[in-house]
Amino acid sequence: MVVMKRVCPVSGKEFGVAETDREFYDKMGVPVPTLCPEERMRRRLAWRPSRFFLRTCDGCGERVFSYFDPRLTTVVAYCEECYRSDEFDATVHGRSYDFSRPFFDQFSELSRVVPRHTSNAIQNENSEYILCGHRNKNCYMADEIDFSRECFYGYNIQKCQDIVEGLYVRDSEIGYRLVKAENCYNVHYSRNVFHCSDSAFLANCRSCRHCLFSTNLRQKEYYVYNQPVSKAEYERLWGLLFGGDRTLVAKAERAFGEFALRQPVPAVLQNQCEDCTGSYLTNSKNVRDSFCCDNCQDCRYCWDIHFSRDCMDVNIYEGELMYESLHCGPQAYENRFSILTWHSTQVTYCLELNNCSHLFGCRGLKRKQYCVLNKQYSAAEYADLSVKVIEHMKSTGEWGEFFPIAMSPVPYNQTMAQDLLPLTPTTVGEYGARWLDPLAPDAVVAGRKAPERLPAKRPVELLTCVETGRPYPVTGPEWRFYTRVGVPLPMVAPEARMRRLWRTLGERRLYDRRCAVSGEPMLSTYSPERTERVLSVEAYLQETH
Ligand SMILES: [Zn+2]
């Protein structure tokens, strides 16, 4: 039940605050938000860098992979080794709180001297070129990747092997261009596929084997265009598709796109969910207005979290009682307005912590308690001071607001905000954000387009992206994958490949529309203009089972 309506000062949109929202805000000790949910999301995501660069570690001087553009002179960043070293102790930058100045100004000053981790990639083997990854081997150019081997390009890849261009792929092996796939083996060019194998060009399929160009199938084998075929016919088609011929693949892609447009689609993707709104949700209860979450309960306005409960406005990772936070976990508890806190409890306005608790306005601390602006206090002093800082922040209008976009050290177009809520160089200023044009390539090369057919030898020269004109390599491991599966070389550079995956995932927004079967009103990620036959979850289940 909506108990309050507010108008967002940024978007001008009216948004409602439900009774349960207000209970949550009271529990977290925070005021009702001033911005609408989408602008709060934008503000958080503008703090999540998502581009790949090489830069120099400000500790040891090594050239390392990073999500910070080397041109960002206000960012001090340490490589994994320097960051983890006991010699790096950010309490040396501790300072007293100044009640005559705004909190965010003081936090900004602290931020300019405390190093960040260059990539948030830790404990990986032969995987120097990944971001936010943990325990991977032989992986590169992937972001949010854990416990995986030989995976290249993508976002959110968990426990996988041999996945190239994957977005939300889990427990899968050998896959090319997959968007939302779980427990799949040898599946390519597919989206929303679960427990499938030896298949390609599938959408919304479960437990299928040896299927091609099909949608909405359950437990089928040897199906093409949703019709049964002989084993020989399937094998003939597979042989053609995976002979490394781009023209054939492009034709197949177009034909499947046209076929899929005529098939029913579920309004949202929810699997084993109860009382949820949103899409790409699994095994969750009372999760509202959220996307790409699994095993969650009592959450709202969350993206990319799992095993979490009692969270609002949270992106990426896991925890309990979190509000307006980004990339916190594992086991985050009572995190407010914080970013990248690992194993941290009761922290507010903090950035990049490791095993900490009871901190306010701190940055880069490890195993610390009771600090404000990185300065150590006793438990009693901390309790007293943090209350006074909150009162001060209320007087400056800062309390309850996430770190402003303008304070983010990363230009908007180098963040996940640009990936998911894009702006242009001309509109970015209206949001207080910055834009930085991409670096020119190191050298102008007389590159050439990827050949039509998979060549017999790996091209050693750089290829030229047909979308952006930027050069890109085909590495040895990547080449072996393409050859093994039989797919043509990509024609676009890695960034354009990521954009293609995000487009396939679709919008993370809910529209009011009506079920094509029952005419009942429902929420869907398909906007009313979309021509697909969009079915309510119930009607969809009836048609596909
Ligand atoms: Zn270093």
Side-chain angles (χ1 to χ4, degrees), residues 47-95 107-148 151-152 316-317 326-330 338-344 350-356 359 362-368 371 373-374 407-411 414-416 436 438-439 442 473 475 494:
W47 282 79
R48 173 58 165 82
S50 66
R51 300 291 181 269
F52 302 150
F53 301 99
L54 283 171
R55 63 167 288 148
T56 305
C57 165
D58 292 304
C60 64
E62 288 280 316
R63 203 159 155 78
V64 289
F65 198 57
S66 177
Y67 47 28
F68 297 116
D69 190 318
R71 294 172 294 172
L72 302 178
T73 48
T74 57
V75 177
V76 185
Y78 276 2
C79 73
E80 166 66 3
E81 211 167 305
C82 294
Y83 195 88
R84 296 289 154 203
S85 158
D86 286 338
E87 281 169 38
F88 167 45
D89 175 5
T91 52
V92 299
H93 301 292
R95 59 208 52 208
F107 189 83
S108 283
E109 282 172 13
L110 178 67
S111 300
R112 280 196 279 275
V113 290
V114 178
R116 294 281 307 265
H117 192 298
T118 45
S119 65
N120 190 34
I122 60 165
Q123 293 175 309
N124 300 293
E125 196 182 330
N126 188 31
S127 306
E128 290 86 358
Y129 305 108
I130 58 170
L131 301 177
C132 302
H134 186 49
R135 293 189 186 269
N136 300 288
K137 191 176 175 185
N138 305 335
C139 293
Y140 69 85
M141 301 295 264
D143 186 357
E144 292 295 339
I145 177 166
D146 301 294
F147 304 101
S148 295
C151 293
F152 319 128
I316 311 179
Y317 225 175
L326 172 70
H327 213 145
C328 295
S338 290
I339 304 171
L340 274 170
T341 62
W342 287 59
H343 300 280
S344 293
C350 287
L351 201 160
E352 216 154 2
L353 305 176
N354 214 319
N355 288 282
C356 291
L359 301 184
C362 290
R363 181 168 166 145
L365 296 187
K366 298 180 264 188
R367 298 174 296 278
K368 295 286 182 232
C371 298
L373 292 178
N374 286 24
M407 239 175 87
S408 171
V410 187
Q414 296 182 357
T415 67
M416 277 185 81
L436 188 60
L439 280 167
D442 280 346
T475 66

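We count ligands from 1, going down the list as the structure has it; atoms in each ligand are counted the same way.
Geometrically, K137 does not engage F147 in a cation-pi contact defined by less than 6.0 Å to the ring centre and at most 45° from the axis.
The residue from H117, R116, Q414 that alone fulfils the side-chain contact (heavy atoms from CB on, under 4.5 Å) condition with Y67 is R116.
The aromatic ring centres of Y83 and F88 sit less than 6.0 Å apart.
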Review point. Could you go step by step and tell me if F65 and F52 meet the ring-ring contact (aromatic ring centres under 6.0 Å, His included) rule?
Key: CA-CA 7 Å; F65 198 57; F52 302 150; 5.3 Å; yes

**Study point:** Derivation and outcome, side chain to side chain donor-acceptor pair (under 3.5 Å), residues S111 and R363
**Key:** CA-CA 7 Å; S111 300; R363 181 168 166 145; 2.8 Å; yes

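Of all protein N/O/S atoms, those under 2.8 Å from the Zn ion (ligand 1) are C57 SG, C60 SG, C79 SG, C82 SG, and waters are not counted.
Salt bridge E144/R48: present, at least one basic N to carboxylate O contact under 4.0 Å.
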